[in-house]
There are 2 protein chains.
Amino acid sequence: MAYDDSYKFKKVISIGIVSELTGLSQRQIRYYEERKLIFPDRSKGIRKYSFADVEQLMDIANKREEGVTTREIRNEMTKEIRQKMLQGQMNAHFRFRA
Amino acid sequence: MAYDDSYKFKKVISIGIVSELTGLSQRQIRYYEERKLIFPDRSKGIRKYSFADVEQLMDIANKREEGVTTREIRNEMTKEIRQKMLQGQMNAHFRFRA
DNA sequence: CGTGTAAGGAATTCTGACACG
DNA sequence: CGTGTAAGGAATTCTGACACG
């Protein structure tokens, strides 16, 4: 982890390939971006995704199938981020203690 | 290794991005393919590269700068493959021996 | 709300060729 | 041999909108 991570987070994949990889339509992928569930980079207006984005989209697809709305998914994401930031603070505090 | 490898070897990157990543021109990248140094997949005629291909291209770029010809690079690659196949046979023979 | 589709335009990629050397 | 470039065409992607619900 952390070195090969470059691959996972590098935004290099265009939407057509992401569509093939996830099974989602390009319309769906763009809509999830509109709903702030996914954040591709842009290269001259053209969206570029990472493998991490692809994974994220597969999670979204699963939740949507279960009937979870984009708003709910968005809320869950926000919570998870909150958790991770807290975790980060905890680590900063106790790393050299225990 | 082996699980996250999926990212490294998945052919999902188009030539424009590969060009940005490697600093090579599209012309050069296509030429190295013509010389059998690199083997992208095709999606409706459009070349798709993996991160492994990108690394390979950076190696090629370095060798070219040193004045190594594409033919020589090709020969070196062939030798390396030969080595690895031999290594594979060795492993198959002695894995459960030592 | 979530997704499909037709529409017109902009950006990307492809090949074969000519050029230089 | 290795790489640049102009040329014309094909495939991709983009946005805003209408549709259904």
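Chain A is the first sequence line, chain B the second, and so forth, proteins listed ahead of strands; every chain is numbered from 1.
When distances are taken from the side chain of A:R30 to each of C:dT12, D:dT15, C:dC14, the shortest belongs to D:dT15.
In this model, the phosphate group of C:dA11 is not approached by any side-chain N or O of A:R47 to a distance below 4.0 Å at OP1 or OP2. Taking side-chain N and O atoms only, A:S14 has no distance below 4.0 Å to OP1 or OP2 of D:dT12. OP1 or OP2 of C:dG2 lies within a sub-4.0 Å distance of a side-chain N or O belonging to A:R35. Note on A:Q26: a side-chain N or O is less than 4.0 Å away from OP1 or OP2 of D:dT13. At least one side-chain nitrogen or oxygen of B:Y31 sits closer than 4.0 Å to the OP1 or OP2 atom of D:dG2. An OP1 or OP2 oxygen of D:dT12 is reached within less than 4.0 angstrom by a side-chain nitrogen or oxygen of B:K44. For A:Y32 and C:dT3, the shortest distance from a side-chain N or O to OP1 or OP2 is below 4.0 Å. Contact between the side-chain N/O atoms of A:R27 and the OP1/OP2 oxygens of C:dG2 is not found at any separation under 4.0 Å. Between A:R64 and C:dT3, a side-chain N or O to OP1/OP2 separation shorter than 4.0 Å is present.
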**Request:** Could you summarise the pairing of DNA chain C as dot-bracket text, marking Watson-Crick and G-U pairs under 3.5 Å with ( ) or [ ] inside the strand and | across strands?
**Result:** .||||.||.|.|.||.||||.
**Request:** Walk me through it: do B:M77 and B:Q56 pass the test side-chain contact (heavy atoms from CB on, under 4.5 Å)?
**Result:** CA-CA 10 Å; B:M77 284 178 56; B:Q56 172 73 14; 3.3 Å; yes
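The existence of a salt bridge linking A:K44 and B:E20 is excluded, since no basic side-chain nitrogen approaches an acidic carboxylate oxygen closer than 4.0 Å.
If you check the side chains of B:T78 and B:N75, you find no donor sitting under 3.5 Å from an acceptor.
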